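Take a look at the structure set out below.
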Amino acid sequence: MTCSAVDCDRATYARGLCSRHYKQLLRAGAVRPDRAPAPCAVPDCERRAVTRGWCHGHYVRWSRTGDVRAHVPLRRPQRDVCTVDACERGAHSAGLCRSHAARQRRYGDPLAGKPFRTVTGEGSLSHGYVWVSVPPDKQHLVPAGRRAEFEHRLVMAEQLGRPLRPDEVVHHRNGNRLDNRPDNLELWTTAQPKGQRVSDQVAWAYELLRRYDEELGPTLGLDLDPATGAPLGWTG
């Protein structure tokens with residue numbers, strides 16, 4: 001589902017709105033239509049207005065000299081996009097977007113640190129995985145109170161008809177983390193016994209059969225309490 005705000009195609013976050021418009025609703029009590037970027041008021045300047053109707057360059061010139069000097073071209077070249085390869089964010093300072101500029105100041109390298117979380121129209125990308133909002137009709141497939149989930153885990157939970165356990169992970173067969181088709185996903189588990197004794201391994205093998213094999217488990221009596229013979233409850 002997409003945001004119900006006019007001309008907004010972002011994914012729904014809450015109350016039919018994307019996260020930005022939802023926060024705007026909480027702050028102002030209403031959702032305001034997005035305004036198209038205005039051009040700089042200086043004639044023949046193609047930059048976007050940011051302050052007092054001027055672009056950043058003309059505003060800085062006015063603040064320092066008291067005159068925008070429209071007849072004098074701006075010397076600094078305009079950079080609309082961050083100069084870091086594969087970064088499509090708008091340039092903020094020194095040819096870098098805000099995120100890369102902050103890393104440059106902190107670490108001396110704009111590429112230092114973890115990958116950025118990239119917002120897309122269908123959710124966001126976090127460490128190469130798609131992060132999406134969970135619609136109301138799928139809330140039973142995620143832990144209580146969670147409003148967003150990694151898409152591959154949500155798709156697998158839909159296939160199983162239940163939430164994934166903490167020790168279950170979802171593997172992409174073709175290695176592409178963005179390919180979340182059911183046929184490309186496999187359910188893996190990271191749970192294992194602490195020791196390596198044969199008895200531990202055998203006990204864990206029976207536990208795996210009881211968890212995941214709906215036919216063989218009951219045949220072997222793994223759905224029954226060995227002490228009482230009564231059916232075991234689901235321990236998911």
Side-chain angles (χ1 to χ4, degrees), residues 1-2 10-14 18-19 22 86 99 103 107 111-236:
M1 296 177 63
T2 57
R10 298 180 181 88
T12 300
Y13 173 76
C18 65
S19 59
Y22 176 66
S99 299
R103 291 189 176 184
Y107 306 112
L111 299 178
K114 298 179 179 179
F116 293 130
R117 183 180 181 192
T118 305
V119 178
T120 67
E122 297 299 327
S124 62
L125 295 182
S126 181
H127 295 73
Y129 294 100
V130 181
W131 181 262
V132 296
S133 59
V134 180
D137 61 331
K138 297 181 181 179
Q139 289 292 327
H140 65 288
L141 298 174
V142 298
R146 182 170 295 182
R147 296 292 178 266
E149 179 60 280
F150 285 110
E151 186 179 47
H152 60 289
R153 290 185 66 85
L154 184 59
V155 171
M156 180 57 69
E158 288 185 81
Q159 301 303 306
L160 299 175
R162 61 168 176 82
L164 299 186
R165 301 183 181 90
D167 59 25
E168 292 178 328
V169 296
V170 180
H171 172 69
H172 292 81
R173 293 175 183 267
N174 63 7
N176 182 359
R177 297 179 179 180
L178 302 181
D179 186 354
N180 294 319
R181 294 174 296 111
D183 292 345
N184 189 46
L185 303 178
E186 291 180 334
L187 182 66
W188 287 16
T189 179
T190 59
Q192 59 186 11
K194 298 298 183 182
Q196 295 299 316
R197 293 186 298 271
V198 172
S199 59
D200 291 334
Q201 298 290 345
V202 171
W204 179 240
Y206 280 133
E207 174 63 17
L208 286 178
L209 290 173
R210 188 182 70 80
R211 273 194 184 190
Y212 299 112
D213 197 316
E214 297 180 357
E215 296 182 1
L216 184 58
T219 301
L220 298 176
L222 300 178
D223 59 335
L224 302 177
D225 188 329
T228 65
L232 288 169
W234 182 255
T235 61

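Since we're looking at a predicted model, the values are computed, not measured.
- Taking the side chain as every heavy atom from C-beta outward, Leu164 and Leu187 approach each other to under 4.5 Å.
- Under the 3.5 Å distance criterion, with hydrogens and angles disregarded, no donor-acceptor pair is assigned to the side chains of Gln139 and Arg146.
- Every residue meeting the ring pair (Phe, Tyr, Trp, His ring centres under 6.0 Å) condition with His171, not counting sequence neighbours, appears here in chain and number order: Trp188.
- Sorted by first and then second residue, the salt bridge (charged side-chain N to carboxylate O under 4.0 Å, His left out) pairs involving residues 127-136 (not counting sequence neighbours) form an empty list.
- Applying the salt bridge (charged side-chain N to carboxylate O under 4.0 Å, His left out) test to pairs two or more places apart or on separate chains, those with a residue in residues 131-141 are Lys138-Glu158.
- Taking the salt bridge (Lys or Arg N to Asp or Glu O under 4.0 Å) definition, one finds that Arg177 meets it with nothing, sequence neighbours left out.
- Residues satisfying the side chain to side chain donor-acceptor pair (under 3.5 Å) test with Glu151, not counting sequence neighbours, are Asn180.
- Under the side chain to side chain donor-acceptor pair (under 3.5 Å) criterion, Asp179 pairs with Asn174, Arg181, not counting sequence neighbours.
- Among residues two or more places apart in sequence or in another chain, the ring pair (Phe, Tyr, Trp, His ring centres under 6.0 Å) test is passed with Phe150 by Tyr129, Trp131, His152.
- By the side-chain contact (heavy atoms from CB on, under 4.5 Å) test, Arg173 is found to be paired with Asn184, Glu186, residues two or more places apart in sequence or in another chain being considered.
- Summarising the geometry of Ala157 relative to Pro163, their closest heavy-atom pair is CB-CA, 4.5 Å, with the distance given to 0.1 Å.
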